[in-house]
Amino acid sequence: MAVDLEQPLDAYKIYLKDKHHDNTVKYFEELTRESKIDIASNQKIVKEYNETVKLLEQNNKSSRKYKALKILLIILIIAMFVGGIIMIYCGASDKLSKGLGIGVGIALIILPIIIIVLLATIIRKKLKELKDIIDKLQAKADKLLKEAWKSMESLNNLYDWNIPAYITNKDTDLIVLDKNFNAKRFKYLHDLYGFDSIDDETSSTVMVQSGEILGNPFVICKDFSQDWHDVTYQGSIIIHWTETVHTKDGTRIEHRSQTLIATITKPAPYYNYDTYVVYGNDACPNLSFRRQPSSGADLDDKKLEKYVSKKSKQLDKKEKHDLMDNDDKTNFQKMGNDEFEALFGATNRDNEVEFRLLFTPLAQRNMIKLIRSKEPYGDDFYFTKDKKINYIQSLHSQSFNYRADPEVFIDYDYERAKKNFIAYNDNFFKSFFFDLAPLLSIPLYQQNKSRDYIYKNDYFANTTSYEQEVLANQYDKSIFKHQECATDTILKAHFNSKAGDVDNITIRSHGFKKVKHLDMVPKLGGDGRMHSVPVEWYEYLPVYKDTPISVTEKNSTRSGFANLVNSPQFQKIMSTISKNGPCHFERGLFTYIGATLATSQANNLNNLFGNVATDARLEQILKVERAVNEGVKQENKLNEASNNQTEEKIEAVDQKENKKGSND
């Protein structure tokens, strides 16, 4: 079945959603087969483990109850002893009836002795029994959990980076996701569309995923950024004074007090994450506009009609105003579709001809359908076009983790692992597809094929600054943090030099130290005098720290790298180039913290990785990929054969009709 993305919402609901789900299930089943784990054995162990944990929780609950009872009885014993002594004392002093007081007092002293015996025998024995049971159950649970992890080890080792990308690339050949955001993809976006590195020292890339739609490049970025906001500090003092009050009987002195409160507002840094899509396309290269989610998207038909009518009148006024404004180079002109104008917005567009060329009737219908759809996300996207570069920022992507760290799939429970694996990948594709949906809704973008581009390998670095910052952000930030820094840090990558295929980078951390100040703020008191109110506040002064790291692209896997790290050869090389500092590998990119690398050292590193490039785990993953690809090919062949049969039948019917027509 051919995929038509010119109506993306329908394509997702009718075909792509189920296609991706099926491919995800197939991929997990292939991983399971390759891992050769004993599913039945794991299910048995996990079932026994869960039952043991349940019993453990029940016995822990009983133990807590007995411990609470023990504490309550101890408190009661103390209270009775004290009460008994008081009663005996009061009875002996004739403050109460002598016999009654002493009798009750003796009873209150004897009763705790009985309770103590109870504590020392029954409750103590029960707690000891429960402790023995709990210790045995805990030991059994620990053993079963260890066995469960062991039974899943081979499957857990097969999880690698880029799994959602691998699966998504099987859904349709119209959308392709890259292994990493490499120099070739960046240069393509830069040279043809004007996309550039982020030099802003207040922003750092923490996640990046590049790809293309019918050859037109895109990149999804998640940035960690710093900005400023105002913080109000408060201080107070209490003042006292006396006043002479006149009454009918004369005068009297009254003491008064008042709390004086003073505030100071000063700037302070704050940090936030921001996820967005950047997409390059040559279509309508002179057009720019910006739209945001519409307040009319969720209205029912009746209310929407009123909303559109109101918006239409407002746009009529804007159109007349712009026509009369001779200074306005680009006059706004309404299109014939009032519903599209009201819901999509973009009245700040600067090229009416290209706007109409971009938003054909089909594009308008697609946008309206996308905006008004309540599932899965509705109208939650901002759309900015700046000449050849398009930016999409959706609300749903702000809370979704696109990193796809293999750690999210690792589990000791096969059934839960399968469920989580499928759920994550389904949600990945859903979030990803609807980040692209506003772009896919414009047929011209799909019809406009990307220009041929020859990568000359003239990029100054082997890897992009985006990936360098992503890798730096995977380390513990305390490694890069200045010792006086009291805030979070922004990590920026600065290229130094190449050593073969290794990039020597400096990561500069940007943070702030807090400097305490005390200001005396004058405030008028109720006594009629000015008072100085002390207010403490903090000034945030920038601090920086430079740390050298190296980044290179290597052909290995997560498990292959884990095995490599433990090898004596790796440790020997790393001891010379990074003093055994921390290192990290993901998505084919290897990074470590250490001194600037020489070319000879880079060659040694290449030889080391070359020896493990054919690691068994890599072969397993490649085998999985080949199996999945083969499945897709077979399915395509079946579809092609089915289509050919259908075409042959149609052709036969046409020939029969033509023959009948000629006879007539």
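Reckoned from all heavy atoms, side chains included, excluding hydrogens, waters and symmetry mates. Only a predicted model underlies this, so the values are computations on that prediction, with no experimental measurement involved.
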Looking at [Y] and [X], is any side-chain nitrogen of the basic one under 4.0 Å from a carboxylate oxygen of the acidic one?
X      : Y      : answer
Arg587 : Glu467 : yes
Arg558 : Asp160 : no
Arg403 : Glu586 : yes
Asp426 : Lys430 : no

Look at the aromatic rings of [X] and [Y] and report parallel, tilted or perpendicular, splitting at 30° and 60°.
X      : Y      : result
His584 : Tyr475 : perpendicular
Phe355 : Phe340 : tilted
Tyr466 : Phe195 : parallel

| task | For this output row, return yes or no: ring centroids of Phe512 and Trp228 closer than 6.0 angstrom. | result |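 That pair passes the under 6.0 Å test.
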
| said: Determine whether the aromatic ring centres of residues Phe590 and Tyr592 are separated by less than 6.0 angstrom. | reply: yes

| Can any side-chain N or O of Gln364 pair as donor or acceptor with the backbone N or O of Phe359 at less than 3.5 Å? | yes

| Any donor-acceptor pair under 3.5 Å linking the side chain of Asn351 with the backbone of Glu354? | yes

| query | Any luck finding a side-chain donor-acceptor pair between Lys477 and Ser509 under 3.5 Å? | reply | no

